[in-house]
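Working notes, structure below.
This one's a predicted model, so the numbers in the text were calculated from it and none came from an experiment. The first residue of the sequence shown is numbered 1, and numbering continues consecutively from there.
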Amino acid sequence: ARRRMSLDEAKKVLDADAADGPAKIQERFDVLHKLNAPSENSPGSPYLQSRITAAHKVLLEEMAKADKSKKAPNPPDDKTE
């Protein structure tokens, strides 16, 4: 069974937080993924690319959870008047 990357680890890998927003997360993902892609000068690192992709996914999921909880309606009060 594969271990899911923790939120803390994802923040460290991308050097970004879910609170930074989707643009910053996507920018960090794009830069780091490209730096570790195979090129004529370097064989690249499929391992690091997989870690970067996992971190990207974890942060986007966390951001979606945070958005969902903000939009959730407040439960009605149980107080009787």
Side-chain angles (χ1 to χ4, degrees):
R2 295 183 104 181
R3 179 182 67 86
R4 185 175 183 274
M5 181 180 284
S6 71
L7 179 59
D8 191 48
E9 186 179 3
K11 289 177 186 178
K12 289 176 183 173
V13 168
L14 287 185
D15 191 27
D17 193 325
D20 292 336
K24 163 101 185 220
I25 293 170
Q26 187 63 46
E27 176 190 348
R28 294 296 301 150
F29 169 78
D30 291 341
V31 167
L32 293 171
H33 203 268
K34 187 174 183 178
L35 284 173
N36 289 286
S39 68
E40 59 187 45
N41 301 327
S42 165
S45 175
Y47 171 75
L48 287 177
Q49 281 189 317
S50 71
R51 303 304 292 158
I52 293 162
T53 300
H56 181 245
K57 183 177 176 186
V58 167
L59 286 178
L60 291 179
E61 286 172 358
E62 184 64 25
M63 199 175 58
K65 273 194 243 173
D67 285 349
K68 191 184 248 187
S69 67
K70 284 181 191 174
K71 293 178 183 175
N74 292 335
D77 288 338
D78 288 340
K79 297 178 184 175
T80 54
E81 294 182 28

Pairwise distance [atom1]([X]) to [atom2]([Y]) - rounded to 0.5 angstrom:
X	Y	atom1	atom2	answer
Lys24	Glu27	NZ	CD	7.0 Å
Asp30	Ile52	CG	CD1	10.5 Å
Leu14	Leu59	CG	CG	5.5 Å
Ser45	Leu35	OG	CG	11.5 Å
Phe29	Lys34	CZ	NZ	13.0 Å
Leu32	Arg51	CG	CZ	13.5 Å

Check: Met5 and Lys57 side chains under 4.5 Å, non-hydrogen atoms: no

Atom of [X], atom of [Y] and distance for their closest heavy-atom approach:
X	Y	value
Arg28	Ala16	CG-CB, 4.2 Å
Gln26	His56	OE1-NE2, 3.0 Å
Ala18	Ile25	CA-CD1, 4.0 Å

Tyr47 backbone acceptor or donor facing Ser50 side chain under 3.5 Å: yes

Residues Arg4 and Glu61 bridged, charged N to O under 4.0 Å: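 Looking at Glu61 together with Arg4, the answer is yes, because their closest N to O distance falls below 4.0 Å.
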
